[in-house]
Each structure stands twice: as C-alpha cells, then as structure tokens.
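This report refers to the structure that appears directly beneath it.
Residue numbers start from 1 in every chain, and the chains themselves are labelled A, B, ... in the order their sequence lines are given, proteins ahead of strands.
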There are 2 protein chains.
Amino acid sequence: LHKPVTGLACDSSQVRIVICDVPDKPGNAGRLFSLLANKGLSVDMIIQSYARSSNNTNDIAFTIDKTDLPKFNEVVGELKNELNPSNFHIDEDIAKVSIVGAGMIDRPGIAAKMFETLAQLEINIKMISTSEIKISCLVEKAHAKEAVAALCSVFELDGAAVADVKG
Amino acid sequence: LHKPVTGLACDSSQVRIVICDVPDKPGNAGRLFSLLANKGLSVDMIIQSYARSSNNTNDIAFTIDKTDLPKFNEVVGELKNELNPSNFHIDEDIAKVSIVGAGMIDRPGIAAKMFETLAQLEINIKMISTSEIKISCLVEKAHAKEAVAALCSVFELDGAAVADVKG
Ligand SMILES: C[C@@H](O)[C@H](N)C(=O)O
Ligand SMILES: C[C@@H](O)[C@H](N)C(=O)O
C-alpha cells in the first residue's frame with residue numbers, strides 16, 4: 001500500500017494580498033492579473049472562493065514573494081482605479097505549510113487529518129488551497145515549525161521529506 | 001524553450017458547496033472535513049480564502065462529485081450543529097476548466113492570459129484555485145465547451161492534450 005503523503009513543504013517567504021469586493025463580472029480577474037504580470041510580479045497561490053449574491057462581488061486573494069511587496073505597492077493605485085475594490089488586505093504573517101503526495105486523491109481522510117493535527121495544536125488555519133497532489137494551509141509564521149513537526153509525525157515523514165523555504 | 005502549458009482538463013462532474021461564516025478558530029476545518037470523510041465523501045477542491053475581521057468568520061468552499069450530493073445532504077444537519085454556519089450554498093452549475101503544465105511557475109502572464117481569454121468570451125469566472133502546475137477556473141457548464149476551445153487555441157494545444165470528464 002503506497003503512502004498517500006510523501007512530502008512536506010514549508011514556505012515562509014510569501015505575503016498574502018486580498019482584493020475585496022471585486023465586481024463579479026467577466027474581465028476583472030484578467031485585468032487584475034494582467035496588471036500584476038505587466039509589473040513583473042510573480043504570483044504563487046490564487047484563491048477566489050465564491051461571489052456574494054448580496055452585492056455581486058467576489059474577493060480575490062493571492063500570494064507573492066515578500067521581496068515583491070514594494071513592487072506591488074506601486075500598482076495599488078492602478079488596481080484601485082481599474083477594479084474599484086472596497087478594501088485591500090496585506091498579511092505578512094503567513095507560512096504556507098503543505099503536504100504532498102501522489103496518493104491523496106480519493107482519500108477523504110487526508111485533508112481532515114492535516115486540519116485536525118493543526119487544530120489539536122490550537123494553530124488557526126488562515127487559508128486553504130488544494131490540488132490532487134498537494135494540500136496547503138496558511139498559518140502564522142510563529143506556528144510553522146510546530147506545524148511541520150506535528151505533520152511529519154502524523155504522516156510518518158522523516159526530515160528528508162521536508163522542503164523548507166525560509167522567509 | 002519549453003511550452004509552459006501542455007494540457008487542459010474539463011470536469012463537469014462536480015458540484016460546489018460553500019459553508020458560510022464558519023467561526024475562524026482552530027478546529028472547525030478539521031471538524032468539517034472529518035464529518036465528510038466519515039461519510040465516505042471524497043472532496044476534490046478545498047478553498048478557504050480569508051477571514052472577515054468584522055465577525056471573525058471564514059467561508060469554506062469545496063467540490064464533490066455530483067453523485068455524492070444525496071450523501072452530503074445526509075450530513076447537513078450534523079454540519080449545522082457542529083459549525084453553526086450562517087448559510088449553505090450548493091452550486092450544481094459548474095465546470096472545472098484547468099490548464100496544466102510544468103512550466104507555469106514564475107511565468108506571471110499565464111494566469112492572466114487564461115483569465116483574459118475567458119473574459120473576452122464574456123465567460124464569468126466563478127472560482128479560482130491554483131497550484132504550481134495547474135490553474136483551475138469554475139465556469140457555468142454552458143460555457144465549458146467554448147472555454148476549452150478558446151484556451152486550446154490561445155495555448156496552442158491540440159485535442160490530444162485535453163482531458164474531458166463528462167458530468
Ligand atoms: C471576480 C472575477 O473573477 C470575475 N468573476 C471575472 O470573471 O473576472
Ligand atoms: C475556518 C477554519 O479553517 C478555522 N480557521 C480552523 O482553523 O479550523
């Protein structure tokens with residue numbers, strides 16, 4: 001039986017940016033990421049959850065390298081004009097902790113096990129994003145080390161299986 | 001120069017469920033996905049964006065196979081008791097359109113190009129989730145075929161590169 005989880009990654013080099021209340025109509029996601037791309041801003045995660053029916057807007061969250069924050073600040077004015085968001089949130093206190101494995105698909109308990117492990121340590125999960133081979137949680141930087149140790153233990157991974165990107 | 005995008009997938013077999021206003025404290029993500037796992041519910045995407053500071057809650061969205069909707073409906077009562085959400089949204093009109101490629105990381109324009117392609121066809125992007133090798137957008141089922149054709153053209157993919165999961 002293959003182990004479903006074979007690796008763990010921790011990335012403390014990113015910041016999360018949320019653009020709030022973007023009108024939920026065609027064109028706005030394209031506009032936002034074209035602006036960022038034209039600035040040469042490389043984006044890691046992009047998360048857009050669902051549109052509020054109350055005012056037909058959606059929030060778009062993404063992460064960039066923290067060294068790119070000055071570059072991002074240069075496009076804030078343009079983003080405001082183009083998208084007219086209600087608000088911006090910039091969260092620098094994030095560490096992206098991910099479990100990785102080819103065997104995770106159709107194994108319902110894996111995500112639950114990761115979240116429960118963090119819960120037992122009272123570590124709040126700020127953001128979640130998944131693919132077939134990866135489940136990523138954003139936690140506060142102060143909890144990253146403890147999260148990594150606990151997940152290694154729970155998923156029976158040794159130190160060699162951990163990829164660590166310092167902030 | 002390697003092509004950054006080498007494949008495209010379209011999956012019309014899923015439904016999106018959003019649990020709104022889950023208290024943003026440790027334990028709730030674990031509780032939710034343990035409940036689903038214990039019911040044998042396989043989850044594809046999980047998306048949790050960011051917590052509203054106004055009432056300290058977060059919305060958790062996920063997708064399941066539409067044939068599992070009856071099974072999900074059996075746990076709704078329990079979910080309400082455990083998490084006390086303000087609302088549930090079930091959206092059956094989704095097709096998950098994804099571009100895939102090993103070369104996408106650190107290529108800022110790729111996501112923008114995907115979103116702009118959909119925008120030009122007036123196709124609204126309901127949800128976005130990414131990993132290093134995959135960018136997924138949820139669109140209405142009626143637009144899936146058109147989205148696939150346009151993305152194949154823009155990223156120069158032939159039919160063989162498309163994986164299609166019928167709903
Ligand atoms: C909010 C944004 O993603 C919008 N729905 C779009 O299609 O561009
Ligand atoms: C909202 C939910 O993800 C919560 N933050 C938790 O850690 O479980």
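- Only the side chain of B/Ser131 comes within contact range of chain A, with heavy atoms under 4.5 Å apart.
- Contact of B/Val43 with chain A is not made at all, since no heavy-atom distance falls under 4.5 Å.
- When each of B/Ser49, B/Ala29, B/Ala119 is scored by its heavy-atom pairs under 4.5 Å with chain A, the top score falls to B/Ser49.
- Counting only heavy atoms from C-beta outward, the side chains of A/Asn73 and A/Ile90 approach each other to under 4.5 Å.
- For A/Arg31, the part lying near chain B is the backbone, with the side chain staying farther off; criterion is any non-hydrogen pair under 4.5 Å.
- Looking at B/Glu132, only its side chain comes within 4.5 Å of chain A, counting heavy atoms on both sides.
- Within the 4.5 angstrom heavy-atom criterion, only side-chain atoms of B/Lys134, from C-beta onward, approach chain A.
- Between the side chain of A/Lys66 and the backbone N or O of A/Glu92 there is no donor-acceptor pair closer than 3.5 Å.
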Identify all side-chain donor-acceptor contacts of residues 154-161 of chain A below 3.5 Å with residues at least two apart in sequence or on another chain.
unit_1	atom_1	unit_2	atom_2	d
A/Asp158	OD1	A/Ala160	N	2.9

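- In terms of non-hydrogen atom pairs under 4.5 Å with chain A, the most contact-rich of B/Met45, B/Arg16, B/Gln48 is B/Gln48.
- Distance alone, capped at 3.5 Å, is enough to place a donor-acceptor pair between the B/Lys126 side chain and the B/Asp93 backbone.
- If you measure heavy-atom distances from B/Asn124 to chain A, the contacts under 4.5 Å come from both the backbone and the side chain.
- For a residue to count as touching a neighbouring chain, one of its non-hydrogen atoms must lie under 4.5 Å from one of that chain's; by this rule A/Ile125 touches chain B with backbone and side chain alike.
- At a threshold of 4.5 Å between non-hydrogen side-chain atoms, the residues B/Asp91 and A/Tyr50 do not count as touching.
- When A/Leu121, A/Ile133, A/Thr130 are compared by the number of non-hydrogen pairs under 4.5 Å with chain B, A/Thr130 comes out ahead.
- Neither the backbone nor the side chain of A/Ile135 comes within less than 4.5 Å of any heavy atom of chain B.
- In this structure, chain B has a heavy atom under 4.5 Å from the backbone of A/Ile123, while its side chain stays farther away.
- Under the side chain to side chain donor-acceptor pair (under 3.5 Å) criterion, B/Thr63 pairs with B/Gln14, not counting sequence neighbours.
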Evaluate side chain to side chain contact (heavy atoms under 4.5 Å, CB included) for B/Val22 paired with B/Asp59, printing each intermediate quantity in order.
CA-CA 6 Å; B/Val22 174; B/Asp59 304 326; over 6 Å; no

May I have the step-by-step check of side chain to side chain contact (heavy atoms under 4.5 Å, CB included) for A/Asn28 and A/Leu32, ending in yes or no?
CA-CA 6 Å; A/Asn28 283 322; A/Leu32 168 60; over 6 Å; no

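- Annotation: maximal heavy-atom pairing with chain A below 4.5 Å, among B/Gln120, B/Lys39, B/Met104, B/His89, occurs at B/His89.
- In this structure, the side chains of A/Met114 and B/Phe33 stay at 4.5 Å or more apart for every pair of heavy atoms.
- Using a 4.5 Å cut-off on side-chain heavy atoms (C-beta onward), B/Val75 and B/Leu36 make contact.
- With chain A as the partner, the residue from B/Ile46, B/Val18, B/Thr117 showing the most heavy-atom pairs under 4.5 Å is B/Ile46.
- Residue with the most contacts toward chain A among B/Gly27, B/Ser34, B/Ala61: B/Ser34 (heavy-atom pairs, distance under 4.5 Å).
- Most heavy-atom pairs under 4.5 Å with chain B: of the set A/Ser53, A/Ala111, A/Ser136, A/Pro26, this distinction falls to A/Pro26.
- Put simply, the side chain of A/Lys71 never gets that close to the backbone of A/Leu41: no donor and acceptor are under 3.5 Å apart.
- Residue A/Asp24 touches chain B through both its backbone and its side chain, counting heavy-atom pairs closer than 4.5 Å.
- Heavy atoms closer than 4.5 Å to chain A are found nowhere in B/Leu138, neither backbone nor side chain.
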